[in-house]
2 protein chains.
Amino acid sequence: MQAKLISLHAANSNAGIRNVDSNCNWASVRLPELMALLDTHPSEPVADTGVTFSVRRVKPGETLCRAGDAFEALYVVRSGFLKMVSLDPVGNEQVLSFPMRGDVIGLSSLEPGHYTADAIALDSCHVVVVPFDRIANLSRSVPGIERLLYTTFSRELARRQRVIRLLGMLSAEARVAAFLLDMSERFARLGCSRSSFVLRMTREEIGSYLGIKLETVSRTLSALASAGLIAVDRREVTLHDAPALRSILEQRTEPGWGRRQRQRRASTDRSASTAPVRPQAAAARIAA
Amino acid sequence: MQAKLISLHAANSNAGIRNVDSNCNWASVRLPELMALLDTHPSEPVADTGVTFSVRRVKPGETLCRAGDAFEALYVVRSGFLKMVSLDPVGNEQVLSFPMRGDVIGLSSLEPGHYTADAIALDSCHVVVVPFDRIANLSRSVPGIERLLYTTFSRELARRQRVIRLLGMLSAEARVAAFLLDMSERFARLGCSRSSFVLRMTREEIGSYLGIKLETVSRTLSALASAGLIAVDRREVTLHDAPALRSILEQRTEPGWGRRQRQRRASTDRSASTAPVRPQAAAARIAA
DNA sequence: CGTAACTTTGATAGCATTCAAAGAAGGTGG
DNA sequence: CCACCTTCTTTGAATGCTATCAAAGTTACG
């Protein structure tokens with residue numbers, strides 16, 4: 001009960017997150033602050049040239065930008081959580097990512113000239129508005145900015161590569177495990193607990209992101225929980241055995257595997273399993 | 001027989017591709033040529049400053065760069081076809097893309113500082129070696145370069161977004177259809193036939209890229225062929241009904257779809273189908 | 001000409017979806 | 001403050017799509 005109240009409070013106010021500069025202003029941020037937000041591995045600090053960027057506030061459920069809107073600025077999340085949703089021609093929607101503090105929105109919108117997905121706040125958010133031409137101009141005078149811009153693009157490319165691996169090579173169970181580990185990692189980077197956190201999104205949104213159905217997400221979470229690897233209470237997740245979760249990622253050999261590893265895990269698994277075969281026995285499989 | 005010989009010849013020599021500058025040199029290219037290669041929608045021509053970039057030749061099966069190698073340069077494909085292969089910790093490999101003329105290799109390698117995938121030539125290739133620092137420096141003096149670099153990153157991000165949609169929302173059948181339409185589009189952009197082309201990759205490589213098994217690729221191609229939408233002769237594919245292929249993409253409503261479209265296609269499909277239910281009846285489904 | 005790589009096709013099994021329904025949580029208005 | 005409604009979540013049973021296993025056919029190549 002009490003824990004839940006604390007969690008919900010944290011969800012709305014982002015209390016407990018470190019790195020929140022004391023001299024910050026909710027209406028605008030200065031350049032060094034913006035760069036610190038972007039740079040995961042802070043190198044040399046940037047001189048404060050007095051340049052500031054405005055901060056936009058987005059309430060839960062509101063959209064920061066819609067697919068098709070003219071591309072005007074990158075948005076750098078300072079606090080809160082969002083979801084990026086792409087709507088295909090048929091009307092089916094797909095969640096592409098869950099941006100949080102430090103993440104950049106709009107990088108794929110530069111070339112087409114319009115945003116390619118909706119950005120919808122999952123809770124109360126503060127995002128820094130970074131007009132692209134402005135930051136590009138600054139990059140000519142302020143050293144370090146140009147490189148940071150390129151690495152930001154490159155980092156986002158690497159992230160999408162991981163998503164492609166997740167969607168193309170992992171089973172539903174492994175996708176959920178990977179999702180939990182990813183959230184754990186990102187929360188840890190924010191100074192929050194690595195082993196216990198509150199998800200901001202529904203099962204359906206998780207499923208859309210992972211390319212599986214919401215029922216499958218629910219079932220898999222239940223299975224992981226009954227195997228003792230995690231605990232789930234509504235949106236609150238606690239990781240009890242992260243290494244075991246990681247080992248799930250290393251099981252699947254879904255589509256193409258090389259010509260090595262003749263271990264034939266499928267058969268050994270089946271013979272090793274003493275439990276009788278039954279439908280939806282994901283928990284038994286995980287426990288084995 | 002004769003047709004096959006011609007196709008194979010084209011595959012190896014890239015004969016018939018337009019846009020091959022007459023004054024080109026296989027050992028190096030000048031800046032304007034490089035920019036034309038990158039810019040799909042050529043804007044203002046760039047002054048020839050005399051800067052040149054070396055061209056590297058890669059023979060079929062050779063690797064241009066390996067995952068883990070220090071990132072030194074971007075590679076811009078001038079001719080030939082390659083595959084990008086990512087090897088995960090377990091040893092499973094996944095094909096990430098099939099670069100061809102105009103495509104850029106290495107964009108996601110900047111931030112980690114090393115290549116994140118192997119680049120393997122599927123046939124004889126010529127790639128322009130573009131050291132990143134060199135092009136970044138040039139961008140400060142030559143107008144247009146900076147913007148082109150950013151749009152190149154952004155374009156690659158958009159491409160990966162399409163792959164994510166393919167892997168996350170489409171059925172195996174739709175993935176194959178999307179793959180064929182994509183290849184058609186890219187060949188057309190090169191001045192080759194939009195409706196008939198020779199695939200350079202195996203069924204296994206296609207399957208790895210699409211997140212399905214090689215048998216499924218083969219079955220789906222056979223089904224599309226017997227439905228009359230395409231013709232398949234080994235690696236040579238002819239599209240007979242591209243609109244029908246496109247309509248396959250608009251069928252699936254795999255993971256999350258909004259709350260609209262209450263058309264309940266699944267039931268109507270089943271009732272409309274007069275053929276008896278049988279396994280592997282993909283052809284019947286497509287024909288319907 | 002024989003071997004290796006690739007492709008096709010069939011039969012079977014398994015995992016994820018679909019369909020269905022009940023339970024829990026959160027918000028609203030009386 | 002509680003009833004009511006909507007949204008979200010969980011769980012079950014059955015179907016279906018794709019993977020797996022297997023084998024034959026084809027092509028390429030030495």
Side-chain angles (χ1 to χ4, degrees), chain A residues 1 4-5 8 60-61 168-176 199-207 210-223 225-226 232-236 251-257 259 264-267 269-270 273 277-286, chain B residues 1 4-5 8 11 60-61 168-176 199-208 210-223 225-226 232-236 251-257 259 264-267 269-270 273 277-283 285:
Chain A
M1 303 303 132
K4 190 194 308 171
L5 286 174
L8 289 175
M169 308 204 23
L170 299 186
S171 68
E173 180 181 289
R175 295 184 199 190
V176 172
L199 302 174
R200 267 67 175 185
M201 63 295 284
T202 68
R203 303 288 191 263
E204 183 169 18
E205 287 160 346
I206 297 173
L210 298 178
I212 57 183
K213 287 290 175 188
L214 74 161
E215 295 97 325
T216 306
V217 175
S218 179
R219 274 187 241 276
T220 307
L221 287 175
S222 300
S226 67
V232 181
D233 173 34
R234 189 70 171 167
R235 301 264 176 103
E236 184 167 7
Q251 285 180 11
R252 268 285 157 194
T253 147
E254 196 83 332
W257 79 77
R259 55 213 50 174
R264 316 279 303 109
R265 210 184 352 73
S267 56
D269 270 359
R270 228 170 297 159
S273 162
V277 179
R278 61 178 186 190
Q280 246 84 43
R285 222 174 341 102
I286 296 169
Chain B
M1 303 297 134
K4 190 194 309 174
L5 287 175
L8 289 175
M169 307 204 25
L170 300 185
S171 68
E173 180 182 289
R175 294 184 199 190
V176 173
L199 300 174
R200 266 68 173 186
M201 64 295 284
T202 68
R203 302 287 192 262
E204 184 170 17
E205 288 160 345
I206 297 173
S208 175
L210 297 178
I212 57 182
K213 287 290 177 189
L214 74 161
E215 295 97 327
T216 305
V217 175
S218 179
R219 275 187 241 276
T220 306
L221 287 175
S222 301
S226 67
V232 181
D233 174 34
R234 189 72 171 166
R235 301 262 176 107
E236 183 169 8
Q251 283 181 15
R252 267 285 158 195
T253 146
E254 197 85 332
W257 79 78
R259 53 214 50 175
R264 316 279 305 107
R265 212 185 351 73
S267 56
D269 269 0
R270 229 172 296 160
S273 161
V277 179
R278 59 177 189 191
Q280 247 83 41
R285 224 176 338 104

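A note on names: the letters A, B, ... follow the listed sequences, proteins ahead of strands, and every chain is numbered from 1.
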For the pair made of [atom1] in [X] and [atom2] in [N], what is the distance, rounded to whole Å?
| X | N | atom1 | atom2 | answer |
| --- | --- | --- | --- | --- |
| B:E204 | D:dA19 | CD | C1' | 14 Å |
| A:E215 | D:dT9 | CD | C1' | 10 Å |
| B:I206 | C:dC6 | CD1 | P | 12 Å |
| A:K213 | D:dT10 | NZ | C1' | 17 Å |
| A:L214 | D:dT7 | CG | P | 14 Å |
| B:L210 | D:dT18 | CG | P | 12 Å |
| B:E173 | D:dA19 | CD | P | 13 Å |
| A:L199 | D:dT9 | CG | C1' | 13 Å |

Taking all non-hydrogen atoms of both residues into account, name the closest pair between [X] and [Y] and its distance.
| X | Y | answer |
| --- | --- | --- |
| B:V232 | B:A225 | CG2-CB, 4.5 Å |
| A:R235 | A:R200 | NH1-O, 3.5 Å |
| B:E173 | B:T220 | CA-CG2, 3.7 Å |

For A:L214, side chain to side chain contact (heavy atoms under 4.5 Å, CB included) partners two or more places apart: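 With neighbours one apart ignored, the set is A:R203, A:E204.
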DNA chain C nearest-nucleotide lookup for B:L221 and A:R234: closer to the 5′ end is B:L221
Strictly below 4.0 Å: does [X] bring a side-chain N or O up to OP1 or OP2 of [N]?
| X | N | value |
| --- | --- | --- |
| B:S222 | C:dT8 | no |
| A:T216 | C:dT17 | yes |
| B:R235 | C:dT7 | yes |
| B:R203 | C:dT8 | yes |

Does any part of the side chain of A:R234, heavy atoms only, come nearer than 4.5 Å to the side chain of A:L199, both counted from C-beta?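 They are not in contact (no side-chain heavy atoms under 4.5 Å apart), so the answer is no.
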A side-chain contact here means heavy atoms from C-beta on lying under 4.5 Å apart; do B:L210 and B:T216 qualify? no
Look at the side chain of B:E205 and the base of C:dC6, then say whether one donor and one acceptor between them are separated by less than 3.5 Å. no
Looking at B:R219 and C:dG10, is any side-chain donor or acceptor paired with a base atom of the opposite kind under 3.5 Å? yes
Hey, does B:T202 reach any base, or is it just sugar-phosphate, or nothing, if we go heavy atoms under 4.0 Å?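 The answer is sugar-phosphate, as B:T202 gets under 4.0 Å only of primed atoms, P, OP1 or OP2.
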Any idea which of D:dA19, D:dT10, C:dT9 is nearest the B:I212 side chain?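 Out of D:dA19, D:dT10, C:dT9, the nucleotide with an atom closest to B:I212's side chain is D:dA19.
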Any residue meeting salt bridge (charged side-chain N to carboxylate O under 4.0 Å, His left out) with B:E215, in chain and number order, not counting sequence neighbours: none
Tell me the bend of the helix from C:dC1-D:dG30 to C:dG30-D:dC1 as the angle between end helix axes, each from five pairs, rounded to the nearest 10 degrees.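 Result, rounded to 10 degrees: 40°.
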